[in-house]
2 protein chains.
Amino acid sequence: MIFKKRLGGKKPTQHDVAQLAGVSQTTVSLVLNNPEVASVPEETRQRVFIAMHNLGYVVNSAARMLRTNRSNTLVCIIPMITNPFYPAFVSGIQEVAEQNGYDVITYNTHGSQERERKFLKSILEGRVDGVIGIFFYTQARDMAQLFEVNIPVVRLEVREQRSGEWPLDSLYIDNAQAACQATAYLLGKGHRRVAMLTGPAGPRDARKEGYLTALKAHSDDLQAWVQEVDSYNESGGYQGMRMILESGDPPTAVFAANDLMAIGAMKAIRDAGLVVPKDIAVVGFDDIPAAQMVTPALTTIRQFQEEMGKRAAQLLIERLNGEAPLVGRIVEMPYELVIRESA
Amino acid sequence: MIFKKRLGGKKPTQHDVAQLAGVSQTTVSLVLNNPEVASVPEETRQRVFIAMHNLGYVVNSAARMLRTNRSNTLVCIIPMITNPFYPAFVSGIQEVAEQNGYDVITYNTHGSQERERKFLKSILEGRVDGVIGIFFYTQARDMAQLFEVNIPVVRLEVREQRSGEWPLDSLYIDNAQAACQATAYLLGKGHRRVAMLTGPAGPRDARKEGYLTALKAHSDDLQAWVQEVDSYNESGGYQGMRMILESGDPPTAVFAANDLMAIGAMKAIRDAGLVVPKDIAVVGFDDIPAAQMVTPALTTIRQFQEEMGKRAAQLLIERLNGEAPLVGRIVEMPYELVIRESA
DNA sequence: CTGAAAGCGCTTACAG
DNA sequence: CTGAAAGCGCTTACAG
């Protein structure tokens, strides 16, 4: 490496480039950032480029950050990257972030309030320019400090959510309506005893609301039956389904609040010697990749996670570029009922 | 917010804290960083803490980065976060990173050489202190620039790999041996026509080597049969299996280079009116979460992704703390054959 | 068209 | 025990 020889292992700076090119450090910065105002003649630019190349110069991003107050980094806050709903969401964010020159840091909250708070606090250190997040506990008003230092936020919500005059946009699918449609599908198939399986917090309330709405709309004498367990995963679904089965008079259909729970429930049903969908039909939510791999393939509500990630990142970057209106935008995303074999 | 009132929306600095506490800015820095040398008396510390709290002070990390030449950020470079092998790996990294005060940025290479290069180059800007990565094309020698500016790297390899006197540690499972064991298991079950299904680059060669070794060890007249397709996912597996089936004389068992391909292959087998494992047995590799959700549940080689992530992060952080030997460490990780229903 | 200079907010010898 | 000062590498008015 040339610069190693020249500089004894230290990284070359604009000063070094300037010396080699026979210009001032200001000029180096000017050609590097190519602002409209400064029209450095082509001949000089080339000299500078050659010097940069020969020294292996790369900008020091800490210095640039300090000077410009911009980090070119976004943070994505999700419950847990190992939940198969999120990788596609994160990947969508990463894709548009990369196209726009941003890095993305990911934080996992584990659905814990304390961690949501801790992460938000650390963001104040100025490491990131903006936030995309799914929050179970933190409300918009808890983000006031962020807004004061001008860090915009995009939130993924489970329902339409007004946000006021903050640099806060939100993205949602109508979870209640989707849950209603899933439940109505089961009802339309002739099921009269339809149970719901859910985890704590998060999307629970919106999805439960849709489930109840569908029951009520269908007939007045349908019994609601909501089984809540500790976690939104297979073991939660398995355990919840066992509780339902052990209650004596099992339902003929189950609406699970997400696919992981639905898959756990199907296993519990199978272990009880029953078959899906003949004895008990199952519908999930999310359409994670595994939904079509299981047997029977899962009927579920599809969300477009990758698209949601891309859209969220676009909203955020528009705002960072000053291209967003003052008032928070609210974007509804599509969903669809995907009918496969489990119901 | 107090500081908003006081400072007109600007973030408070150590200077502001110093003024409020009636000390010098140096002292504020001293109590913030609490170095062993400076013993600030308790009374002064308290005054400073109170002032920090009242102003809502948080350190400016860009300034700290510039001064200390440390970013407290790691980067994790993987092929693609949506491949279910990686989320657990990333999650392991994030967990120990967080415990040690590091953020983690994730880059997806899409298995492309160009992107591997581009990411490595951007790392020279000083955004990150260290790198954990899976590289299909970039060799250790291509990382010389990183090492010159003292950025250590931990690589995930598919076999033991000497690394020399660079700040480079490596982690691997013996892919050849694992593939050999998987194939031998099939052979032990009496199969004589065992095909292998693989994608391009990456772990292909090591796993193929193990497959061939097992065949040879078992008997001299066993025919090797390797079908390579474009991608390590379900559609690759589906497509590859179709090619195998259409060849006329199908094998009685298939070893797929990863679980996603195995799942695709099982679907192709089913679509051809055959049943797994009766007509064709299938073994995968990785033990992704979906492996136990599919029917029949997949027999596969389990890797401990989360553990691998944790271990990789530990190696890196030890080196960043100056606790690692000069010579690169090589850590072998365990794997195990998990027998389920598909073979 | 080009450069000297200020200053972003911090850490860390150094002096007292 | 505490503070004045240097300096990390950059961007951006400003002057010429």
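Naming: A, B, ... by sequence-line order, numbering from 1 per chain.
Under a 4.0 Å N-O distance rule, the pair A:Lys11/B:Glu125 does not qualify as a salt bridge.
Atom CZ of A:Arg64 is separated from atom C1' of C:dG9 by 18 Å (rounded to the nearest Å). In this structure, A:Leu66 places its CG atom 14 Å from C1' of D:dT12, rounding to the nearest Å. Note: CD (B:Gln25) to P (D:dC1) measures 21 Å, nearest angstrom. In this structure, CG of A:Asn69 is placed 13 Å from C1' of C:dG7, rounded to the nearest angstrom. Put simply, CZ on A:Arg70 is 19 Å from C1' on C:dG9, counting in whole angstrom units. Nucleotide C:dA4 holds its P atom 14 Å from the CD atom of A:Gln14, rounded to whole Å. Taking atom CG of B:Asn60 as the reference point, atom C1' of D:dC10 lies 14 Å away to the nearest angstrom. If you take NE2 of A:His15 and C1' of C:dA4, they are 13 Å apart, rounded to a whole angstrom.
In this structure C:dA13 sits in no base pair that meets the Watson-Crick or G-U test at under 3.5 Å. With a 3.5 Å ceiling on both atom-pair distances, C:dA4 lacks any Watson-Crick or G-U wobble partner.
Judged by distance alone, with hydrogens and angles left aside, B:Thr26 brings a side-chain donor or acceptor within reach of the base of D:dA4, the pair sitting under 3.5 Å.
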Could you give me the CA-CA distance, side-chain angles and deciding distance for B:Glu157 and B:Arg162, then say whether salt bridge (Lys or Arg N to Asp or Glu O under 4.0 Å) is met?
-> CA-CA 11 Å; B:Glu157 303 281 8; B:Arg162 289 240 122 259; over 6 Å; no
Please assess A:Arg311 against A:Glu307 for the test salt bridge (Lys or Arg N to Asp or Glu O under 4.0 Å), listing each intermediate value before the final yes or no.
-> CA-CA 6 Å; A:Arg311 197 78 189 80; A:Glu307 281 312 312; over 6 Å; no
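Donor-acceptor pairing under 3.5 Å is recorded for the side chains of B:Asn33 and B:Arg64.
The side chain of A:Thr27 contributes an N or O atom lying less than 4.0 Å from OP1 or OP2 of C:dG3.
The side chain of B:Pro41 sits closest to D:dT2 out of D:dC10, D:dT2, C:dG9. Listed candidates were D:dT12, D:dC10, C:dC10. Nearest to the side chain of A:Leu30 is D:dT12. Residue B:Thr44 has its side chain nearest to D:dT2 when only D:dC10, D:dT12, D:dT2 are considered. Proximity note for B:Tyr57 (side chain, C-beta onward) versus D:dT2, D:dG9, C:dC10: the nearest is C:dC10. You'll find that the side chain of B:Thr13 is closest to C:dC10, out of C:dC10, D:dC8, D:dT12.
Between B:Ala63 and B:Gly22, the residue whose closest nucleotide on DNA chain D is further toward the 5' end is B:Gly22.
With A:Thr138 as the partner, the side chain to side chain donor-acceptor pair (under 3.5 Å) test is satisfied by one option alone out of A:Glu116, A:Arg117, A:Arg155: A:Glu116.
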